[in-house]
2 protein chains.
Amino acid sequence: MSIVEMSKVLSNKARVDVLAWLKNPEKNFPPQVNVPNFDDGVCVCHIQNKLGLSQSTTSHYLSMMEKAGLLIGTRIGKWTYYKRNEEQIEKFIQSLSSEL
Amino acid sequence: MSIVEMSKVLSNKARVDVLAWLKNPEKNFPPQVNVPNFDDGVCVCHIQNKLGLSQSTTSHYLSMMEKAGLLIGTRIGKWTYYKRNEEQIEKFIQSLSSEL
DNA sequence: ATTACATATCGAGAATTATCAATATATTAT
DNA sequence: ATAATATATTGATAATTCTCGATATGTAAT
């Protein structure tokens, strides 16, 4: 993922907010109902509630962020959980450090 | 400058190219005519030539980058020279490291 | 003062991104 | 099988960004 393409993903407050919230799910989201913890991330519906955006926009943003390598999505039953992809986020920061 | 605002500036190939070219002006631009070296940066007209964009777009992008803190512009006579603002670029990378 | 040139700003249309409602798909419960 | 629920995808409009030509401003030469 190039700097330009990654920057496009990061040039939106909602998406940067999600990334920040997912640093500390316990603090930023209510307890999950259908799984015991946040190990696989946060349920889409919780993220949508907090964003205050429509379901379709929320889903779109999350999959865009996954495609960019910022998030990891996991489907469990009817639900999809998203968490940060720390490895890739770190790689991006490294590439910025050297390329920018 | 927030991550979102800075990312907007970086989400364009032309602007990221300029930033990269200015890392090594001697290599990426012809010698300057009206000043002896690249100490104050590169003349707008050289950047415009290399970008292949219109004069107005080039000027717009450069001032946008200066406003974001990525570049430093210096007017000398009729010409304006732009160079990288290394201090601010480094600060941005640091803030990404902690906030992202 | 006038002209010439480099850059900046303005105004407008084209291209892209944001965002929604509607619909489709996947999964579970009945 | 059917219904219910969560998420994904599609199609459309609104908002933003891109990009240009035209014009304005600043500086130097005549």
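In what follows, chains carry the letters A, B, and so on, assigned in the order in which the sequence lines appear, proteins first and then strands, with residues in each chain numbered from 1. No hydrogens, no waters, no symmetry mates; every other heavy atom, side chains included, goes into these values.
An OP1 or OP2 oxygen of C:dA18 is reached within less than 4.0 angstrom by no side-chain nitrogen or oxygen of A:T57. Close to C:dT19, at under 4.0 Å from its OP1 or OP2, lies a side-chain N or O of A:Y61. Contact check, B:N12 against D:dT17: no side-chain N or O comes under 4.0 Å of OP1 or OP2.
In this structure, B:L62 places its CG atom 13 Å from P of D:dT19, rounding to the nearest Å. The CD-C1' distance, from B:Q32 to C:dA6, rounds to 14 Å in whole Å. As a whole-Å value, the separation of B:M65 CE from C:dT7 C1' is 17 Å.
Side-chain atoms of B:S63 and base atoms of C:dA8 include no donor and acceptor less than 3.5 Å apart.
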Report all interatomic pairs (protein N or O, nucleotide N or O of nucleotides 1-7 of chain D) with separations under 3.5 Å.
residue: D:dT7; atom: OP1; partner: A:V44; partner atom: N; Å: 3.4
residue: D:dT7; atom: OP1; partner: A:T80; partner atom: N; Å: 3.3
residue: D:dT7; atom: OP2; partner: A:C45; partner atom: N; Å: 3.3
residue: D:dT7; atom: O3'; partner: A:T80; partner atom: OG1; Å: 3.1

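Here the side chain of A:S56 is nearest to one of D:dT10, C:dT19, D:dC20, namely D:dT10.
Among the protein residues, B:L53 comes within range of the sugar-phosphate backbone only, with heavy atoms under 4.0 Å from sugar or phosphate atoms but none that close to a base.
The local environment of CD in A:E26 is crowded, with over 12 non-hydrogen atoms from other residues, nucleotides or ligands closer than 6.0 Å. The number of heavy-atom neighbours closer than 6.0 Å to NZ of A:K23, taken from other residues, nucleotides and ligands shown, is above 12.
The closest donor-acceptor contact from the side chain of A:R84 to the backbone of A:L19 lies under 3.5 Å.
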